Enquirer: 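Here you go, one structure.
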Amino acid sequence: MSEKVYNIDDLQNINVEGEKYIILQIGPSHPGSGHMRLKVWLDGDIIVKVDPDIGFVHRTSEWLSERREWIKAVPIVERIMLPDTVHANLAYVLTVEKLLGIEPPPRAQYLRSLVAEINRITSHLYGIGIFGIFLGSSTVYMWAFGDREPFIDLMEMLTGARITTSYIIPGGVRWDLPNGFKERAETVLQYMERRLKDYEDIWVKNPVVQARTINVGTLKKEDAIRLGVVGPNLRASGVYYDTRKHHPYAAYSNLDFEVPTMKNGDSYDRLLIRVEEIKQSIKLIRQILKDIPEGKIIADQIYNQLNPVMKKNYEEKKRVMFPAFMIHMRPPAGEASAKVEAGRGEIFFYIKSTGDKYPYRFRWVTPSFRNLPYFTHVTVGHRLADLPTIYGSIDYFPPEADR
Amino acid sequence: MNIKDELSKISTNLVIDEKRANYKIIIDEPSKLIDVANSIKNLGFDHVVSVTGVDYPDKIEVIWHVSSYSSEELKGIDLAISMTVKKPEPLKQTDAQGNINVNRPPVTVPSLVSVWPSGIFSEREAFEMFGIIFDGHPDLRYLMLPEDFYGTWPLRKDFTYQKPKVFIE
């Protein structure tokens with residue numbers, strides 16, 4: 001045990017050279033949600049410094065995408081953000097649409113929001129489940145992963161794939177709403193609302209969970225702004241910022257929803273905010289299914305490129321097949337950037353085109369990468385036993401951070 | 001507050017993309033960078049979203065994308081700060097086996113970590129991928145790549161992938 005009393009602010013720029021600390025290597029083989037290494041300097045069991053060493057699952061997505069046709073980047077970005085595929089797909093397509101100057105029709109906008117909200121719920125359930133296993137509760141881990149299934153089945157019903165949907169393409173979406181989707185969705189939503197009450201009883205309001213998370217890993221509002229963290233973690237620290245409100249995309253400017261925020265910014269608030277956001281997403285899905293307008297699901301510019309067989313397919317099955325335009329797409333020279341609120345936070349895309357077959361510069365930043373300061377600034381001063389709590393509560397996903 | 005007026009007061013090199021609501025400030029002199037960044041921060045832009053480079057045959061463009069969480073008016077605005085530096089000539093050396101090794105020296109720009117601490121990891125990434133040395137960065141180490149990638153700068157356009165050598169022939 002350490003006898004020294006540490007002040008968190010003093011630890012931010014501590015010099016560990018020449019001091020006698022224990023160095024503990026956590027990882028690189030799967031310490032939590034993926035491969036990464038945390039190098040921890042310890043005095044007794046107090047953490048004095050953490051150096052996150054990432055890159056063990058770096059998959060060179062930027063390099064690969066700069067050497068392929070534009071449309072082929074969609075599967076690449078999806079596979080980087082596996083629990084959050086729709087948002088990665090959507091963010092990339094929004095950037096390409098800005099370059100092409102295409103605006104999708106209203107029905108496609110609503111369908112995009114619909115599939116994004118379903119994906120947000122699965123992403124949050126994934127995060128809650130991983131947080132459960134970090135705190136040693138395999139019950140909530142099994143529950144959350146099990147309850148993720150009905151929503152994944154909904155995505156499969158709509159898009160034909162469970163996880164890597166590739167549903168959103170420049171100009172619109174690939175499938176229309178299938179028959180019976182609204183009824184099925186309503187059943188799933190009612191089931192989830194019932195289950196949320198169970199979660200509150202056994203997990204969220206559990207005294208053991210509260211004892212381990214309240215006042216652990218607190219990030220104050222000013223620090224959250226200064227360090228530029230994103231997503232539910234940012235809102236748990238009390239910052240009112242949501243890309244859906246402040247950079248409206250898809251149908252969000254027509255939809256009515258709240259952005260929940262918390263006050264303390266500790267691990268418990270980061271759990272609560274995910275539960276609140278699931279409730280908001282349920283509300284949004286109901287609203288989308290009620291308000292969704294009739295009409296085309298693909299922009300006219302793309303529709304005109306379809307050949308007669310594809311057009312027949314579109315009229316009969318409401319299915320958009322890829323016209324040859326997609327592979328020969330050459331967006332005009334220029335640069336564009338787009339932001340999307342994914343389950344874990346904001347995805348940022350910056351793409352530069354020279355009017356060529358491939359993107360000239362393909363840059364994207366994922367939410368987990370921007371949540372890295374949690375390791376260096378928030379864990380210090382805590383005991384080693386609190387490190388899993390903080391890691392679990394920020395919903396960090398190494399493959400997403402490494403890209 | 002009219003954002004266009006405020007930004008044009010800071011720099012005369014302001015590019016506005018009306019259609020996409022994007023703003024870009026182009027810095028022509030490296031010595032001005034930190035002053036411009038400080039005045040942008042005083043406007044309310046409080047965090048860095050991304051730091052990256054764009055590689056051209058003879059130059060590298062370094063771009064900081066900044067945004068705001070604290071100012072209600074600026075939350076919907078993307079601002080890019082762009083600075084272009086010339087690349088030094090690559091040095092070609094022939095070793096004893098007759099292989100030509102091309103040594104591509106890095107470029108140097110001032111670091112903005114002192115202004116925005118949120119750029120600390122992004123600047124490390126831009127360093128290893130493009131060979132941009134951020135002068136004044138407190139901890140400029142490799143982040144994702146192994147250290148033996150030094151000098152290859154993978155995201156530059158002239159990067160060639162070296163196949164691993166066969167150990168048993």
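In what follows, every heavy atom counts, from backbone to side chain, and hydrogens, waters and symmetry copies are set aside. None of these values were measured; they are calculated from a predicted model.
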Enquirer: So which residue, B:R141, B:H65, B:E72, ends up with the most heavy-atom pairs under 4.5 Å with chain A?
Expert: B:H65
Enquirer: Over 60° means perpendicular and under 30° means parallel, so classify the ring planes of B:F134 and B:H137, tilted if in between.
Expert: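 Rings of B:H137 and B:F134: tilted, as their planes differ by 30° to 60°.
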Enquirer: Could you tell me which portion of A:A401 (side chain, backbone, both or neither) has an atom closer than 4.5 angstrom to a non-hydrogen atom of chain B?
Expert: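 For A:A401, backbone heavy atoms alone lie under 4.5 Å from chain B.
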Enquirer: For A:D242, which atoms come within 4.5 Å of any heavy atom of chain B: side chain, backbone, both, or neither?
Expert: neither
Enquirer: Heavy-atom distance under 4.5 Å to chain A: side chain of B:S122, backbone, both or neither?
Expert: both
Enquirer: Using non-hydrogen atoms and a 4.5 Å limit, figure out which bit of B:L145 sits close to chain A: side chain, backbone, both or neither.
Expert: side chain
Enquirer: Taking side chain as everything from C-beta outward and backbone as N, CA, C, O, which of these in B:V113 sits under 4.5 Å from a heavy atom of chain A? Side chain, backbone, both or neither.
Expert: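 For B:V113, there is no contact with chain A at all, as no heavy atom is under 4.5 Å.
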Enquirer: If the threshold is 4.0 Å, N to carboxylate O, is there a salt bridge linking A:E335 and B:K24?
Expert: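 Yes.
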Enquirer: Using distance alone, with no hydrogens and no angle criterion, decide if B:S50 and A:R363 have a side-chain donor and acceptor under 3.5 Å apart.
Expert: yes
Enquirer: Is the Lys NZ or Arg CZ of A:R68 less than 6.0 Å from the centre of A:W70's six-membered ring, within 45° of the axis?
Expert: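 Negative - A:R68 is either too far from the ring of A:W70 or too far off its axis.
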Enquirer: Keeping A:R370 on the side-chain end and B:S118 on the backbone end, is there a donor-acceptor pair under 3.5 Å?
Expert: no
Enquirer: Can you say whether A:K221 sits under 4.5 Å from chain B via the side chain, the backbone, both, or neither, judging by heavy atoms?
Expert: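 Looking at A:K221, nothing touches chain B.
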Enquirer: Most heavy-atom pairs under 4.5 angstrom with chain B, which of A:Y360, A:F348, A:Y240, A:F56?
Expert: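 Sorted descending by pairs with chain B, the first entry is A:Y360.
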Enquirer: Below 30° counts as parallel, above 60° as perpendicular, anything between as tilted: where do the rings of A:F349 and A:W364 land?
Expert: parallel
Enquirer: Taking the side chain from B:D46 and the backbone from B:S70, do they hold a donor-acceptor pair closer than 3.5 Å?
Expert: yes
Enquirer: Specify which of A:T60, A:I54, A:V239, A:V230 makes the most heavy-atom pairs with chain B at under 4.5 Å.
Expert: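 Winner by heavy-atom pair count: A:I54.
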Enquirer: Given heavy-atom pairs under 4.5 angstrom as the criterion, report whether the side chain, backbone, both or neither of B:D139 touches chain A.
Expert: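 Neither part.
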